[in-house]
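Below, read A as the first sequence line, B as the second, and so on, with proteins coming before strands; counting in each chain starts at 1. Worth knowing before you read on, the calculation uses all heavy atoms, side chains too, and leaves out hydrogens, waters and symmetry mates.
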Amino acid sequence: MNTISENMNKAPIVAADGTPLKKKLAQAMFRSRLRAAGLVLPLFGFVLASFVIPIFALMWQGVYNDTFERLMPATTIQLAAWDGVSEPTEDMYAALVADLIVARKEKTAGKVGSRVNQQLSGARSLFTGTARKAHKLEAPFKESVIKTKKKWGQIEYWQAMKLTSDSLTPGFYASSVDKTLTVTGDFVAVDENRQIYVKLFIRTFMISGSVMLMCLILGYPVAYLLATLPLKTSNLLMIMVLLPFWTSLLVRTTAWIAILQSQGVINDLLVWIGIAADDGRFSLIYNMTGTIVAMTHILLPFMILPLYSVMKTIPPSYMRAARSLGATPTLAFIKVYMPQTIPGVGAGGLLVFILAIGYYITPALVGGQDGQLISNMIAYHMQKSLNWSLAAALGGILLGCVLLLYWAYDRIIGIDNMKLG
Amino acid sequence: MSKLTNKLVAIAAMSAFTAGSAVAADLTVVSWGGAYTKSQVEAYHKPWMASTGKTIVSEDYGGGIAEIKAQVESGNVTWDVVDVELSDAIRACDEGLLEEIDPSMLPAAPDGTPAVDDFLPGTLHDCAVSNIIWSSVYVYDSSKVRNWNAPKTMADFFNTDAYPGKRGMRKNPKVTLEFALIADGVPTSEVYDVLGTEEGVARAFAKLDTIKDDIVWWEAGAQPPQLLADGEVIFTTAWNGRVFNAVAAEDQTFEMVWDGQVYDLDLWVIPKGSKNKEAAMDFVAFSTATEQLAAQASWISYGPARASSVAKIGTYHDNPAINMADHMPTAPANFKNALQNDFEFWADNADELNERFNSWLAK
C-alpha cells in the first residue's frame with residue numbers, strides 16, 4: 001500500500017500515447033465543458049441580446065439624455081458659458097435662432113421642446129411656435145425673439161434649457177423622488193401638489209408586502225395539506241391550485257370585478273344576510289382592497305408551489321420523533337416542522353414580492369384611485385408622456401430595491417437555502 | 001452611443017409592445033379596435049381592397065405614440081397607417097416621426113370642391129388627415145332613473161345632492177379638468193384661459209374634490225358602458241360612439257347629455273419610413289373621400305371630417321329607423337355648448353397636470 005502511493009508520487013501515470021493521465025483527463029474535461037458551453041451559448045446570447053443589453057441601455061437613458069445637446073449645438077455652447085442667473089445675452093438669443101432655423105428644417109423643434117418641457121411646463125409650444133417663425137427673425141435677436149413669444153424673456157426658461165443641455169444628468173433620478181434639480185446644482189422638493197413618486201413607491205412596497213403576507217397566510221396550510229394528504233386527495237387539491245394558475249391573468253382580474261363590485265355577488269350576499277344596507281353597499285373594488293384581493297389570488301400559486309416542494313421533502317418521521325420525545329403537536333410543529341420550511345417560505349415570499357412590485361394590469365383595472373402602483377406610472381411615461389428617461393429612472397430605483405432585497409435575503413437567510421421547486 | 005442606446009431601447013420597447021405579428025400584407029392599418037375599427041373595416045378597408053386587389057391587415061392598439069416612436073427609432077416600421085388623436089398627431093409630426101401628407105392628393109368633393117376647402121376647419125395638418133370628430137360626454141341609464149328630473153347640464157354631473165351615487169370618469173386630467181370647470185360655471189369659450197392659470201387649475205381640482213369620493217375611474221373606452229350597465233355608477237363620462245353602439249347594437253337604455261361635451265379629432269398618420277408608403281398614401285386618400293367618410297358614419301356615431309360627407313350621412317346600417325345625423329357630436333341639437341380639445345394646451349401641460357392629477361388622486 002505504502003509503496004504504491006510512493007510510486008505515484010514519483011512517476012506520474014501515463015496514458016498509452018505517453019502523455020500524463022492527469023493532462024489527458026484535463027483535455028477530455030475541457031472538451032466536454034466546451035460542448036456544454038456550446039449548448040448554453042444560444043440561451044446566453046438570447047439573454048444577453050434580449051435582456052441584459054436592453055436593460056443596461058434603458059438604465060443608461062435614466063442618466064443620459066443628449067436630445068438638447070445634439071439638436072441645439074450652438075445654444076448648448078452658449079449655455080455652458082452662462083452662469084445661469086445673469087440676464088441672457090444677445091449671443092445666446094442669436095445661437096437660439098440659428099439652432100431653431102435648423103430644427104425647423106429637420107423637424108426636431110418638437111423633440112427639443114418636449115425635452116425642455118420635462119423640466120418646465122409650457123416650453124414645448126415655445127419651441128415649436130418660435131421655430132416656425134425663426135427664419136424671419138432679424139438682429140437684434142434678443143428683442144425680436146422676445147417679441148414673438150414673451151416667455152423667452154423669462155429667465156426660468158433659459159435655466160430649464162441650461163439644465164437640459166447637460167446630457168449626463170441626475171435630473172431624472174431627482175424627479176423620481178419628487179425633487180427637482182436647480183440651475184445652481186441643488187435638489188429642491190417639487191411643489192407639494194405634484195409630489196407623487198415617493199408616495200407611490202411606499203404604497204407599492206406596502207401593497208406588495210401585504211400581498212406577500214396574505215399569500216403566506218393562505219398558502220401555508222394549503223401547501224401543508226398538499227404535502228401530507230394521501231395522493232388521491234392532494235391531486236384534487238393540486239388541480240384546484242393549478243387551474244387558476246393556468247387561467248389568463250385578465251380573465252381572473254375581470255372575474256374579481258364581477259364578484260367584488262357594488263352590485264356583485266359578495267355585496268348581494270351581504271345585503272341578503274343583512275350586514276349591509278341596499279344603498280350602503282361596501283366598496284370592495286376600485287380601491288386598495290380590490291388590488292390586494294385580486295393580486296393575492298393571482299400570486300397565490302407562486303407561494304404554494306415552492307412551499308409544497310419544500311414540505312414534500314420533509315420526512316414525516318421527524319415530527320414523530322419530536323412527539324415521541326415529549327413535544328406537544330403544536331410545539332413539534334413550531335420547533336421541528338416550521339424551521340425546515342423556511343427555504344420554501346423565503347423562496348415563495350421573495351418570488352411573490354418581486355412579482356408584486358412590478359404588477360401592472362391588475363392594479364390598472366381594479367386599483368381605482370388608491371390602488372395604483374409605481375409600475376402604472378412607469379407605463380404612463382413609456383407609453384403616453386414618452387419621457388423614457390424618467391421611466392428608466394423610476395425603473396432603475398425599482399430594480400435597485402429588488403437587488404437590495406435580494407442582498408438582504410442572502411445575508412439573513414442565505415440564497416443557497418432558497419428552493420424554487 | 002446615444003443613437004445606439006436609443007435604437008436598442010426602441011427595439012426592446014417594441015418587442016414589449018407588439019407581440020411580433022409580422023403578417024405579410026400589402027398594408028397594415030392600426031386603429032382603436034371594437035366597434036370603431038369595425039366601422040372602418042366596413043367603410044374603408046373592404047372597398048379599398050376590392051378596388052386595388054391588395055390586402056390589409058387590421059391591428060388594434062391603445063392610443064398614444066409610443067409604438068410609432070419605437071418603430072421609427074429602431075428603423076423597423078411595420079405599421080403603415082395609424083389612427084391617432086389630434087394632440088398625438090401634432091406631437092409626433094413635430095418630433096419627425098411621421099411622413100408629411102400633401103393635402104392636394106386628397107380627392108375632391110363630388111361637386112368639385114377641392115379637398116382643402118371641403119375638410120372642416122382644423123382637420124388637415126402637415127402629417128395628418130382627419131377622418132372623424134368624436135366627443136366625450138356623460139351618460140346615464142334612463143331605465144334606472146329613480147324619480148329624477150333627467151339631468152341636463154354638466155353641473156348636474158357634479159350635483160351629488162340631486163343625484164346621489166357613484167360617477168364614472170376617465171382617469172386622466174384631460175377632459176376631466178375641462179368638465180369640472182364647465183360645471184363650475186366657466187363658459188366653454190374661456191375654459192382653456194382659466195385652466196392656463198394656477199388659480200384655474202386649483203378651481204378645477206376644488207370642483208373635483210366635491211365628488212372625489214363618489215368617482216369610479218375608468219381607463220379603457222369599453223369600461224364606461226359596462227360600469228353603467230352593471231349599475232356600478234349612475235353617471236359616467238364616455239366616448240359618444242361607444243355609448244351609441246351600446247344603445248343601437250345592444251339595446252341599452254343609455255341617454256347622453258351633450259351639454260359641455262369636449263370634442264376632438266381622430267386622424268390618419270403614416271409613420272416615417274413606412275415600407276408601403278405609396279399604398280398608405282393611396283389608402284389615406286381613398287378612405288377620406290366623401291363617400292367613404294359618409295359610409296363610415298352609418299356604422300358608428302362619429303362625425304365625418306368633410307362638409308360634403310356630413311350632408312350624405314344616412315341611417316344606421318342595421319336599423320333604418322335610426323337617423324345617424326341626429327347622433328353626431330356636431331348635430332345642431334348636440335353642439336350647443338361644445339368645447340374643442342386644445343391640443344396645444346395639453347401638449348404643453350400634460351406632464352405637469354398629470355403629476356398633479358395623480359398626486360391629487362393619491363391624497
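Taken to the nearest 0.5 Å, the OG atom of A:S125 stands 14.0 Å off from the CH2 atom of B:W346. Note that NZ of B:K171 and CG of A:N376 are 6.5 Å apart. Values are rounded to the nearest 0.5 Å. If you take CD on B:E232 and CD on A:Q261, they are separated by 4.5 Å, rounding to the nearest 0.5 Å. Rounding to the nearest 0.5 Å gives a distance of 9.0 Å between CD of B:Q226 and CD1 of A:I257.
Interface remark: B:E352 contributes backbone and side-chain atoms alike to the contact with chain A (heavy atom separation under 4.5 Å). Residue A:F51: no heavy atom, backbone or side chain, is found under 4.5 Å from chain B. The part of A:E192 that comes within reach of chain B is its backbone (N, CA, C, O), which places non-hydrogen atoms under 4.5 angstrom from that chain. Using a 4.5 Å cut-off between heavy atoms, A:Y197 contacts chain B through its side chain alone, with no backbone atom that close. Heavy atoms closer than 4.5 Å to chain B are found nowhere in A:A258, neither backbone nor side chain.
In this structure the side chain of A:L386 reaches within 4.5 angstrom of the side chain of B:R91, judged on heavy atoms. The closest side-chain heavy-atom distance from B:D94 to A:R124 is below 4.5 Å. Counting only heavy atoms from C-beta outward, the side chains of B:E100 and A:K107 approach each other to under 4.5 Å. A heavy-atom distance below 4.5 Å is found between the side chains of B:L227 and A:Y286. Using a 4.5 Å heavy-atom cutoff, the side chains of A:M377 and B:N354 are in contact.
Counting heavy-atom pairs closer than 4.5 Å to chain B, the top-ranked of the candidates A:S167, A:G367, A:G110 is A:G110. Between chain A and the residues B:G64, B:A347, B:A350, the largest count of heavy-atom pairs under 4.5 Å involves B:A347. In terms of non-hydrogen atom pairs under 4.5 Å with chain B, the most contact-rich of A:R203, A:R194, A:K111, A:Q195 is A:R194.
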Item to check | Test log, rule side chain to side chain contact (heavy atoms under 4.5 Å, CB included), inputs A:S262 and B:K166 | outcome: CA-CA 10 Å; A:S262 66; B:K166 295 266 182 197; 6.0 Å; no
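Minimum interatomic distance between A:N117 and B:D348 (heavy atoms only, all atoms of both residues): ND2-O, 2.9 Å.
At a cut-off of 3.5 Å, with distance as the only test, a side-chain donor of B:E95 or A:S114 sits close to an acceptor on the other residue.
For NZ of B:K212, the number of neighbouring non-hydrogen atoms (other residues, nucleotides, ligands) closer than 6.0 Å is greater than 12. The neighbour count for A:K199 NZ, taken as heavy atoms of other residues, nucleotides or ligands under 6.0 Å away, is above 12.
With hydrogens and angles ignored, the 3.5 Å screen pairs no side-chain donor or acceptor of A:S385 with any backbone N or O of B:D351. With hydrogens and angles ignored, the 3.5 Å screen pairs a side-chain donor or acceptor of B:S359 with a backbone N or O of A:N193. No donor-acceptor distance shorter than 3.5 angstrom exists from the side chain of B:E355 to the backbone of A:I196, with no hydrogens or angles considered.
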